[in-house]
Every structure is written in C-alpha cells, then in structure tokens.
Amino acid sequence: MNESGSGPTLRSYLVTLRRRKWWVAVFVLLGLATSLALSLTEAKQYSATAQLLVQSSGQGVNLGSTTQPVTTTDVQTDLQLATSAPVVKAVRAELGSAPAISTSEVAQTNVIALTAIASSPARAALIANTYAKAFVAQTQNAAIASVTAAQAQLQSQINSLNQQIKSLGNRPSTASQLSALVNQQTVLKEEAAQLQVNGAVATSGVEFVTPAQPPASPSSPKPVQDALLGLAAGLMLGLGAAFLRDSLDDALTSKDAAERLGKAPVLAMVPMVNSWKKRKRSAVAVNSDPTSPASEAYRSLRTSVQFARQAHELRCLLVTSPASAEGKTSTIANLGAVFAQSGERVVLVSADLRRPRLGELFGVDEKPGLTSVLRGERTLEQALQQVEGYDGLWVLGAGTVPSNPAELLNGPGTRQIFATLRENFDLVLVDSPPVLPVTDALVLSAYADGTLLVVAAGQTRRSQLQRTAERFAQGKAPVVGIVLNEVTKENGYGYGYGYGYGYGYGSYQPHPATGATPAESNGHTSTPPSVLSRRNRHTQ
C-alpha cells in the first residue's frame with residue numbers, strides 16, 4: 001500500500017526508491033566494502049582434484065554370472081565410500097592427518113572427482129592423490145578378499161566330495177554314485193582353477209585415471225567475484241531496508257496523501273529553500289528573489305485563494321500548521337506580500353502569542369501589537385504598522401507575550417479587533433500557533449472565514465495532519481486548502497512552475513523594495529492619513 005492509499009504501482013515503487021536512494025546506496029557500499037575486506041584479508045586457499053573411473057570389477061565372484069554394467073547407484077555408492085572410515089584411516093596413516101575433501105560426480109558420467117583444499121598447491125594435490133590411492137587400494141583389497149573367500153569355499157566343497165569318494169571305495173554297488181561324485185568334483189576343480197585365474201587379474205572396479213596437479217592460482221579468495229556478490233547482497237538488503245523504512249515512515253510526502261488526510265485540496269506546492277533555515281536570511285521570497293520557483297509558487301497560491309474567494313466570502317484567513325517549524329509564518333508573509341503587490345489592502349496579524357516571528361520577517365517591531373490593544377495600552381490604529389516598501393501591507397504585531405494566550409484570544413476584545421480589521425482591509429491574514437500543541441488556532445478559527453493549513457513534506461506526520469483535520473471538523477471550522485511546503489524532487493516537486501515556457505523574466509523590472517512589477521503595483525504613492533479609514537475595496 002502506498003502513501004496515497006491506492007495499490008502499489010511501478011511509479012510508486014520508483015518514487016520510493018528515489019526518496020530512499022541513500023539507504024540503497026549505503027547498503028550497496030557496505031556490502032561491497034565488507035566483501036572486499038573479507039576477500040583481501042582471507043588467507044589464500046588452493047584446490048586440487050583427482051579423478052577416478054568407476055567400472056566393472058572384471059570378474060564375477062559367482063561363476064557363471066555375467067559382468068553387470070555400472071549403474072548410477074554404483075557411482076553414488078563409490079562417492080560415499082571414497083571418504084569411508086577405512087579410507088580416512090589409510091590417509092591418516094600416510095599423511096599424519098586426514099583433511100576433509102569433497103566428492104562429486106563429473107557431469108553425470110562414471111567419473112568421480114575428489115577435491116582437496118589446502119594452504120599450498122602441493123599440499124592440496126598431495127591430499128587429493130592420497131585419498132584417491134587409498135580408495136583404489138581399499139576397493140582392490142576388498143575385491144581380492146572376495147575372490148579368496150570364494151576360493152576357500154570351493155576348496156571346502158572339493159575336500160568334502162573327496163571324503164565321500166574315499167568312503168564309497170570301488171564296490172560295484174556304488175559305482176554309479178561314485179561316478180556322480182567324481183564328475184561333481186571335477187566341475188568344482190575346474191571352477192576353482194578359473195577362480196584362481198580371475199583372482200590373478202582381479203580389479204577393484206575403480207581406476208585412478210587423473211592424478212591431481214598442484215594448481216597455479218588460488219581457488220579463494222576471488223576479489224572480483226566476492227565484490228559482485230557483495231554488491232548483489234548489498235543491493236537486495238538496501239532495497240529491503242528502503243521499502244521497510246518507507247512503510248514504517250509516517251512522514252507526509254505526496255500531494256495525494258495531503259489531500260486525502262487533510263480533507264481539503266492542495267492549493268500550492270512550495271519548493272524547499274534551504275536558506276530559510278537560517279534566521280538571518282529573509283524568508284520573504286517574493287521580495288528577496290521574485291523570479292524563483294518559490295515566489296511563483298506563492299503567486300500560484302494567491303490565484304488559488306482568489307478562486308476560493310469567488311465561491312464564498314473569504315475576507316479573514318487563518319494560516320496555521322499541525323506542528324511547529326512547518327513554514328506557516330513564511331507562507332503568510334509571502335502570501336500577504338503577493339496580495340499587496342496585486343493592489344489589495346492586506347493586514348498580517350501576528351496572533352502566535354507564544355513564539356511570534358512575523359514581524360521579524362519584515363523588520364517590524366512586535367512589541368506594540370495585539371496584546372497591547374487588548375490591554376488598552378494602545379489603540380488598534382496605533383498598533384498597526386505599515387511594511388516599508390509596500391503601499392498596501394500592514395502588520396499587527398503580537399505585542400508582549402502573555403501568560404494566558406488562549407484565554408486572552410477568546411475574549412470579546414479580540415472579536416472586536418478582527419471585526420474592525422475585516423471592515424477596513426481587503427484581506428486579513430492571521431498567523432497562529434500550531435494546532436496540535438495548543439488550542440489557540442481553534443479559538444482563532446472562530447474569527448476567520450476559513451483556514452489555510454501549511455504542512456511540510458517529509459516532516460509533517462500523516463497522523464498529525466489527520467488529527468488536525470479532525471479538530472477543525474469538530475469545531476466546524478472550514479479548511480480552505482493546504483499548502484505543501486518544503487517539497488523536493490524526491491517527494492513530488494518537478495521543475496518549477498513552467499519556467500522556460502515564456503514568462504519573460506528577461507525584461508522583468510521589479511520594484512526595488514517590494515519586488516512588484518508595474519502590472520502588480522497598486523498605484524498608491526503615499527500612506528493615507530488614517531490606516532483604518534475605509535476604502536473602496538477591490539472586486540473580489
């Protein structure tokens with residue numbers, strides 16, 4: 001099952017491998033390094049092979065029988081007997097020890113191979129030849145012993161007949177019986193004579209055909225072969241580890257999963273910008289780098305929000321995230337900037353009363369802010385600060401961080417502040433704390449027309465997004481859409497939003513402070529006398 005909830009496909013596998021490529025690479029390199037280390041440190045071993053031919057023994061113990069052809073059973077039997085106890089005993093007597101050898105049939109023939117492995121070529125050949133000779137001698141002795149036993153049996157029968165002949169004597173009454181015994185004795189004597197001849201030429205049934213020769217090169221280690229095996233093993237382990245890690249990983253990485261778990265459409269996918277991790281670098285990409293893919297992503301988000309505003313009133317938009325460090329503050333800053341560049345009056349409310357950072361992005365002091373107004377220390381008009389270089393962008397800072405943010409935000413004074421802002425600005429963007437750690441975002445959602453969820457690809461947990469969506473559903477707070485932040489090529493971001501297809505940035509002349517083009521400028525040349533003076537709003 002892949003992240004989007006559908007069945008696994010080739011594309012999902014490839015995406016997983018691309019995302020987890022370093023896991024595969026590490027295991028491949030580890031397998032290669034391990035195999036090479038073992039191969040290069042392993043002592044050299046040499047193997048030598050002697051060959052024996054299994055054949056008919058060349059004589060029959062029982063006279064009158066025909067020589068049987070060699071069968072597969074005979075070959076397999078000799079394979080076992082080649083390392084039997086008598087053979088091992090003979091080898092130990094010859095060499096002082098009995099190293100283990102391997103036996104095998106050569107390509108389904110009557111030839112068996114005895115292979116010995118040793119630390120030197122001569123030693124390997126000696127062991128193989130000693131086993132071969134001992135086995136041949138053992139089978140030869142067994143054949144001779146069989147012939148000798150047969151001879152002794154025949155001689156015993158001949159002697160018994162001779163005793164019977166002597167006991168009958170030359171009486172006429174026993175002539176016929178005597179003749180039969182003599183004839184039988186004659187036959188046995190002929191058999192004994194033939195058996196004696198067979199014993200003289202008897203063979204063991206195993207012939208030593210190919211003595212082992214000292215090998216010219218070691219049989220192990222084999223660095224090239226070991227390296228290939230290490231690569232193959234590392235690749236298999238790496239693939240297994242990559243898919244296992246991906247199945248256990250709860251991180252959100254795809255657009256489809258974000259929409260499925262968040263129960264809302266993804267309005268924009270913002271690429272990863274590493275410099276934003278450094279607090280000294282500006283996170284307002286539409287100002288610092290207006291031609292970047294990230295800036296174009298925020299313009300695309302502005303368009304998506306404008307389409308949403310056509311469907312229903314969306315004058316106050318809450319921007320939040322399931323957990324911290326997912327880019328909600330950078331998102332609200334850039335979104336406010338691009339709306340201001342398009343000519344709308346926008347106010348950014350720093351309602352994250354726990355860790356306010358919105359003012360830092362624009363160089364605005366957050367001390368006179370929301371809490372100052374709620375405590376009666378300043379009026380709303382005094383707390384609002386216009387962002388330098390933007391004719392239509394204001395910031396309402398957080399003010400002094402209170403000890404009870406949720407209770408302070410839940411009061412009637414906060415509702416009045418947002419009502420006033422809605423009446424005097426085209427768009428109110430509210431930056432709030434994350435949803436899951438604290439309840440502030442749900443409190444603020446009561447003052448907003450909709451919520452924009454910001455999630456970080458590869459960082460936000462799928463379970464976190466699901467719980468966040470459930471909380472907003474329980475509070476009946478509509479989620480307008482989702483911004484998938486910090487997207488990379490590994491988790492779905494392509495090559496920008498069509499750069500190279502005629503955007504014409506070669507003649508782009510941004511505003512020196514705001515980065516706005518002439519088409520985006522709202523035409524204002526001075527700050528109005530009163531920030532809260534009502535203006536004709538642009539058609540939504």
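Owing to the predicted nature of the structure, the values given are computational and were not obtained by experimental measurement.
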I'd like to know whether [atom1] of [X] has more than 12 heavy-atom contacts from other residues, nucleotides or ligands below 6.0 angstrom.
X: Lys367; atom1: NZ; value: no
X: Gln80; atom1: CD; value: no
X: Arg355; atom1: CZ; value: no

| said: With a 3.5 Å distance limit and no angle check, can you tell me whether Glu259 reaches the backbone of Val266 through a side-chain donor-acceptor pair? | reply: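 A pair under 3.5 Å: yes.
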
| message | Using side-chain heavy atoms (C-beta onward) and a distance below 4.5 Å, is Leu452 in contact with Val483? | response |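 Yes, at least one pair of side-chain atoms sits under 4.5 Å.
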
| Contact check, side chains of Leu335 and Leu429, non-hydrogen atoms, under 4.5 Å | yes

| message | Parallel, tilted or perpendicular, judged at 30° and 60°: which one describes the rings of Phe418 and Tyr447? | response | parallel

| task | Can you tell me which residue pairs pass the salt bridge (charged side-chain N to carboxylate O under 4.0 Å, His left out) test with a partner in residues 446-456, sequence neighbours excluded? | result | Arg422-Asp449

| query | Can you list every pair that meets salt bridge (charged side-chain N to carboxylate O under 4.0 Å, His left out) and has a residue in residues 22-42, with sequence neighbours left out? | reply |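 Every pair satisfying salt bridge (charged side-chain N to carboxylate O under 4.0 Å, His left out) with a residue in residues 22-42: there are none.
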
| Side chains of Thr49 and Thr115, donor plus acceptor under 3.5 Å |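 Result is yes, a qualifying pair exists.
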
| message | Going by side chain to side chain contact (heavy atoms under 4.5 Å, CB included), Pro433 matches just one of Asp440, Leu409, Val443. Which one? | response |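 It is Asp440, the one option of Asp440, Leu409, Val443 that forms the side chain to side chain contact (heavy atoms under 4.5 Å, CB included) with Pro433.
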
| query | Got a sec, which residues hit ring-ring contact (aromatic ring centres under 6.0 Å, His included) with Tyr46, two or more places apart in sequence or on another chain? | reply |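 Counting only residues at least two positions away or on another chain, Tyr46 forms no ring-ring contact (aromatic ring centres under 6.0 Å, His included).
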
